[in-house]
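Because only heavy atoms are used, hydrogens play no part in the values below, and waters and symmetry mates are left out as well, while side chains stay in. Chain letters run A, B, ... following the sequence lines, proteins first and then strands; every chain starts at 1.
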There are 2 protein chains.
Amino acid sequence: MSKKIQKRNAEASKALIITHAITLFSEKGYAFASMDALAKRSGLNKAMVFYYFKNKKGLYAAVMHKILIQIQSAVLEENKQHSAPREELEGFVRTYARFACKHPYLPSLLLRELSDNGAIVPEVLFTSMKQLFVLFSSILKKGEDRGCFVHTAPMILYFMVLGTLNLMITTKTLRIQAHQEDSEIDTFASGNIDEIVDYIVEEMLRMLVVPNKGDNQ
Amino acid sequence: MSKKIQKRNAEASKALIITHAITLFSEKGYAFASMDALAKRSGLNKAMVFYYFKNKKGLYAAVMHKILIQIQSAVLEENKQHSAPREELEGFVRTYARFACKHPYLPSLLLRELSDNGAIVPEVLFTSMKQLFVLFSSILKKGEDRGCFVHTAPMILYFMVLGTLNLMITTKTLRIQAHQEDSEIDTFASGNIDEIVDYIVEEMLRMLVVPNKGDNQ
DNA sequence: ACTATAATTAACTTATTGGTTAGTTAATAA
DNA sequence: TTATTAACTAACCAATAAGTTAATTATAGT
């Protein structure tokens, strides 16, 4: 039969808390996200938060873990569909970008953590970022080995991609506003995420592709 | 004669507060920077902070204003020494990078603000970022006009530069740590700021320079 | 039906913090 | 010398927030 509607359901409550915590943390940042507010949003008693997650930090760690696992598996999964370095690279950028755009908490939480030596939950953040980086480097490496990419410093390119995407996404409203105030300056205000990715990928390839070997996918 | 050492000195006190506020804010972030702690660090009475800056937000605005003016004028000033687009571009990147590296509060404060819709002081941040962007675009534009740069979306390149630099700088300790834990992965841990700039400029030029017109400075 | 336990709640505690205020002392100009 | 003002201080206040606790209710296994 259909699941009966329970008045008590640990998993559901936990999920409810996490869901609202994600938006709350990304809206307000860690410090300004109050657990009272979270309880109110979730429609649960504040004590439940501590019951399930021990303390604020624990909850935050759970939140970060969840979204990092999500982005990680999204990118890793997508990557399986390709084998040519150029496609892999484009897939990496686009998947990350689309995900980040659909879940705008990702860039803001990520930038905040990164700008702060992984202030609140270093380990969680770290392992995830590392895994993505390993994939990214392996794509570049494969390209090099096949002779279609020139040699580069993967860490710098990685941050180039992430930095650009995250900033473009988080500053979207800012850029639109700036363009309205002064239409002279081109803030790429109209660009949607796929156009941005097109641009970035184009630039990346211009950096990477070995001259006169462009067709060597 | 020499200035007599005064027991009371508005300007000195103000400066003292700002100086310590800069480090405090960048260490702890806006929310976790307490005014009690600031007063203690500055060796002044807490009330002085409010006496001079009205409230915490006002102080923060003053802090941001100061550092943004600094970076802005550093870059603008340096730019006067060049006229060839390629040199101008390199100068822009290097001056920003060196400054940010010498004053590591800049990247962390900047990223935090940017990742948050200019959370705390939108206007101040905004005008400064805009001015730097205008300079950056004008460099690219000049390059295009002279036929040595290809056409690009300046906003994206701008964030590419700032994103990469700020991330590389703020994650320095993180990267060193990661490399120590697993020496397999190349986190560019050893790279100093000038090497990083070399790399970035090299990549930027590979993106920008019109093929077979590379010498056309 | 009974019991053990997991889920839930209201009320409370404790600490911190941004900000105020009323009063005090140093400098300065008449 | 004195009056005025600007710089400075100690003590205080109200609000908020993280975290606790002791009691209560639903649920599931026996």
Side-chain angles (χ1 to χ4, degrees), chain A residues 1-64 109 112 116 119-121, chain B residues 1-64 109 112 116 119-121:
Chain A
M1 272 281 162
S2 62
K3 247 180 200 168
K4 59 181 157 183
I5 297 142
Q6 293 177 238
K7 283 189 177 173
R8 298 186 165 197
N9 184 333
E11 288 313 308
S13 299
K14 245 195 236 184
L16 212 57
I17 291 173
I18 289 244
T19 306
H20 286 95
I22 288 178
T23 57
L24 188 65
F25 278 133
S26 64
E27 280 171 25
K28 309 267 185 180
Y30 180 79
F32 287 121
S34 102
M35 302 321 252
D36 287 282
L38 174 61
K40 202 167 274 178
R41 279 194 192 196
S42 318
L44 296 173
N45 189 288
K46 184 172 64 152
M48 298 306 287
V49 176
F50 298 91
Y51 181 62
Y52 287 121
F53 300 97
K54 192 180 174 198
N55 53 30
K56 189 177 180 181
K57 216 168 169 176
L59 171 64
Y60 186 78
V63 161
M64 286 305 272
L109 288 177
R112 222 171 297 189
D116 222 4
I120 299 148
V121 281
Chain B
M1 274 280 156
S2 63
K3 245 180 200 167
K4 59 180 157 183
I5 296 143
Q6 294 177 240
K7 283 188 177 175
R8 301 188 163 195
N9 185 334
E11 287 314 307
S13 299
K14 246 196 237 185
L16 212 56
I17 291 173
I18 289 244
T19 306
H20 286 96
I22 288 178
T23 58
L24 188 64
F25 278 133
S26 63
E27 280 171 26
K28 309 266 185 182
Y30 180 80
F32 287 121
S34 103
M35 303 318 255
D36 288 283
L38 175 61
K40 200 167 274 178
R41 279 194 192 195
S42 319
L44 296 173
N45 189 287
K46 185 171 67 150
M48 296 309 287
V49 175
F50 299 91
Y51 181 62
Y52 288 121
F53 299 97
K54 189 178 176 199
N55 53 29
K56 190 177 180 180
K57 216 166 169 179
L59 171 64
Y60 186 79
V63 161
M64 285 305 272
L109 287 177
R112 222 171 298 186
D116 222 5
I120 298 147
V121 281

Query raised in the report: Can you name the closest pair of heavy atoms from A:Ser13 and A:Tyr52 and give their distance?
Result: CB-CE1, 4.0 Å

Query raised in the report: B:Asn55 has an atom CG; how far is it from atom C1' of C:dT21, in whole Å?
Result: 17 Å

Query - Spacing between B:Lys14 atom NZ and D:dA6 atom P, to the nearest angstrom - result: 13 Å

Report summary line: Sorted by chain and number, sequence neighbours left out, ring pair (Phe, Tyr, Trp, His ring centres under 6.0 Å) with A:Phe50 holds for none

Report summary line: Residues B:Phe25 and B:Arg112: closest non-hydrogen pair is O-NH1, 4.0 Å

Query raised in the report: Over its full length, what angle do the end axes of the helix from C:dA1-D:dT30 to C:dA30-D:dT1 make, each axis taken from five pairs and the result rounded to 10 degrees?
Result: 10°

Query raised in the report: Which residues within residues 30-43 of chain B lie with some heavy atom under 4.0 Å of an atom in DNA chain D?
Result: none

Report task. Round to the nearest Å and state the distance from A:Lys56 atom NZ to D:dT16 atom P. Result -> 15 Å

Report task. Find the distance B:Arg8:CZ to C:dA26:P and express it as a whole number of Å. Result -> 6 Å

**Report entry** Gap between atoms OH and C1', on A:Tyr60 and D:dA18 respectively (whole Å)
**Finding:** 17 Å

Query - Shortest non-hydrogen contact between A:Ser42 and A:Ile17, atoms and distance - result: OG-CA, 4.1 Å

Query - Residues touching DNA chain C, which here means a heavy atom under 4.0 Å, drawn from residues 45-54 of chain A - result: A:Asn45, A:Ala47, A:Met48, A:Tyr51, A:Tyr52

Report task. Could I get the full list of side-chain contact (heavy atoms from CB on, under 4.5 Å) partners for A:Asn55, not counting sequence neighbours? Result -> A:Lys57

Query raised in the report: Would you say the side chain of A:Ile18 lies within less than 4.5 Å of the side chain of A:Phe53, judging by non-hydrogen atoms?
Result: yes

Query - Partner set under side-chain contact (heavy atoms from CB on, under 4.5 Å) for A:Thr19, not counting sequence neighbours - result: none

Query raised in the report: Does B:Ser13 put a side-chain nitrogen or oxygen below 4.0 Å from OP1 or OP2 of D:dC8?
Result: yes

Query raised in the report: What is the distance, rounded to the nearest whole Å, between atom NZ of A:Lys28 and atom P of D:dT16?
Result: 13 Å

Query raised in the report: How about A:Lys54 and A:Leu59: do any of their side-chain heavy atoms sit closer than 4.5 Å?
Result: no

**Report entry** Atom pair distance, as rounded to whole Å: CG in A:Leu16 and P in C:dA7
**Finding:** 15 Å

Below 3.5 Å, can you tabulate the donor-acceptor pairs from side chains in residues 31-40 of chain A to any protein atom, sequence neighbours excluded?
residue	atom	partner	partner atom	Å
A:Ser34	OG	A:Asp36	N	3.4
A:Ser34	OG	A:Ala37	N	2.9

Report task. Verify, without hydrogens or angle tests, whether A:Lys56 (side chain) and A:Tyr30 (backbone) share a donor-acceptor contact under 3.5 angstrom. Result -> yes

Requested in this report: Answer yes or no: is there a side-chain heavy-atom contact under 4.5 Å between B:Leu109 and B:Tyr60?
Outcome: yes

